[in-house]
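Written below as structure tokens is the structure these notes are about.
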Amino acid sequence: MSGVTIRDLGKAFPKEDGTATQALAGVSLEISDEEFVCLVGPSGCGKTTLLRIIAGLETATTGGVTVDGRAVTGPDPKRGMVFQEYSLFPWRRVIDNVAFGLEMKGVAKEERRRTADHYLELVGLSQFRDAYPFELSGGMRQRVAIARALANDPDVLLMDEPFGALDAQTRNRMQKELLSLWEQTKKTIVFVTHSVDEAVYLSDRIVVLSPRPGSIREIIEIPWPRPRDRTSAEFAEVRRRVLRMIDETENAH
Amino acid sequence: MNRQTQKRLLGIAALIVAAVIWQIVAEYVVGRSFILPSVTDVAGAFVNLLGSGTLLADITVSLEHFGIGLLAAFFLGVPIGILMGWFRVADFLLDPIIEILRPIPPLAWIPFAIIWFGLTTQAAGFVIFAGAFFPILTATYSGFRDVPKVFVEAGKVLGCDTSFELIRYVALPAAVPAIASGIRIAMGVGWMCLVAAEMFGVSRYGLGYQLWHNYYLHQMPNVVVYMLILGLAGLTIDRIFRNYVDGQLLRWRAGEVA
Ligand SMILES: Nc1ncnc2c1ncn2[C@@H]1O[C@H](COP(=O)(O)OP(=O)(O)OP(=O)(O)O)[C@@H](O)[C@H]1O
Ligand SMILES: [Mg+2]
């Protein structure tokens, strides 16, 4: 029951000289409950902006977003976000980072620690519960950030290139872990990525955006079961199609 | 012999050499204790002062002046810095006032300190406050200005829905390192103001007071003793503060180069 409806969304950033950067124009998209959607597109096409509008961190210039039938007007713990850059609070231990959202909700210390421990276990970092973020590797930090978002039990999980800074091997492992988390927690996930490979591996649907102003160029359904085989012919075929599409949108400009 | 002991031995050797040179210059070149007291004069003065028993009272009174000034600077500087760093309106309102007051040398407040507070402990505290307030204020302000946007947004997405919560749980902890270094600077400035603040006889004791008092009595070896104690006490305060901050408040920064 946590579908996301994006209706005729536009976003213009005013510039100093009085003109505006049109980041998004006429984006309409229906994301159903428990769906895993990936947003791909050339750099600067507005993927982050779209995600931030869904999160409520940015307001749309035209159109709007509803989650579960209710209009998005501002940030809400019901929509979790994993940022592209490291966003863990460096002054909090891992466990207290994960428990942050619960603390804001006023959950008692004992209970929020217990819940946080549960999510730390889900991302496989129980033995680092008392470490500070600086003691963790890049991949571990993003796993903590995911645990922190999940601990709030959001309906929708928004992820902005969460694995962008990781090496290929870690990245593949994280993708596997994310899928298993998704199967266990049944969240609706909107996932931004630069990697077409990642998008094909993860998503139910890939949404290809065109360059500025970003709008939906194409939606590709991937109905295959998981785990998917990256080396299969059909995988390569879809990957090629999406890549060509991004190429075309870029050159058409 | 490892680096650490080597460093220590060389340091001690240099100190001894400096003391010997000082002694020779004072005794054979200058030859007048009033112009330049020798090491032995100073050591003798120190022993006498220890015997007279006022040193402890002097240190206590000075710490009291210093403490009043710094606590006041902290409890005013941090909240105002937070207001200005977080709320644009507060920044626009207060910035011109701050910019006019800030360049005034702290010692220029001494006449009004005496008129407002009389020759009291508070007057000395006020002068130290005038020196310590602005470093704390500006450090807090820029600490808040520099809080990474992603922390604030993470806080919002995770359920901080008031400015108070964002300040309390996100911005303030993020700004602690900046505030701590502001306090350190403030302590240095405050300690410098101490000597001048005690110059006017706000008390019968105090390291700064005794420095002036002995100067009027032409007891220059005593003056040197008080100078050295002022330096050592300042150093000790700074060390204690830094150890506390690094050990307690900033353990989470252990991985970074300071
Ligand atoms: N706060 C802002 N102020 C002004 N312009 C902005 C702002 N945020 C984004 N933009 C502009 O909007 C456009 C889309 O930016 P956005 O960050 O959404 O792109 P993106 O698709 O996430 O790019 P990338 O793949 O490189 O991360 C860009 O042209 C950018 O310059
Ligand atoms: Mg982006």
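Every chain is numbered from 1, with letters handed out A, B, ... down the list of sequences.
Interatomic distance, B:W252 CH2 to A:F134 CZ, rounded to the nearest 0.5 Å: 10.5 Å. In this structure, CE in A:M81 is found 7.5 Å from CD in B:E153, a value given to the nearest 0.5 Å.
Per-residue counts of heavy-atom pairs under 4.5 Å with chain B were compared for A:S87, A:A145, A:P133; the largest is that of A:S87. The most heavy-atom pairs under 4.5 Å with chain B, out of A:E135, A:Q84, A:R148, come from A:R148. Taking A:R52, A:K78, A:R79 one by one and counting their heavy-atom pairs under 4.5 Å with chain B, the maximum is reached by A:R52.
Interface remark: A:L88 contributes backbone atoms only to the contact with chain B (heavy atom separation under 4.5 Å). Neither the backbone nor the side chain of B:V176 comes within less than 4.5 Å of any heavy atom of chain A.
B:L56 CG: 12 or fewer foreign heavy atoms inside a 6.0 Å radius. Atom CZ of A:R7 is surrounded by 12 or fewer heavy atoms from other residues, nucleotides or ligands within 6.0 Å. Counting heavy-atom neighbours within 6.0 Å of B:F112 CZ, excluding the residue itself, gives a total of 12 or less. Residue-environment remark: CD (A:E121) stays at or below the threshold of 12 foreign heavy atoms within 6.0 Å. No more than 12 heavy atoms of other residues, nucleotides or ligands shown are found within 6.0 angstrom of CD on A:Q169. Applying the 6.0 Å contact sphere to CZ of B:F87 captures more than 12 heavy atoms from other residues, nucleotides or ligands.
When every heavy atom of A:P77 is checked against every heavy atom of B:G159, the shortest pair comes out as CG-CA, 3.9 Å. Across A:P90 and B:F151, no two heavy atoms sit closer than the pair CD-CZ, 3.4 Å. Scanning all heavy atoms of the two residues, the minimum distance from B:V157 to A:N152 falls at O-ND2, 4.3 Å.
Below 4.5 Å, heavy atoms of chain B meet no heavy atom from residues 159-166 of chain A. By a heavy-atom distance cut of under 4.5 Å, A:W91, A:R92, A:R93, A:F100, A:G101, A:E103, A:M104 are the residues of residues 91-114 of chain A near chain B, going up by number.
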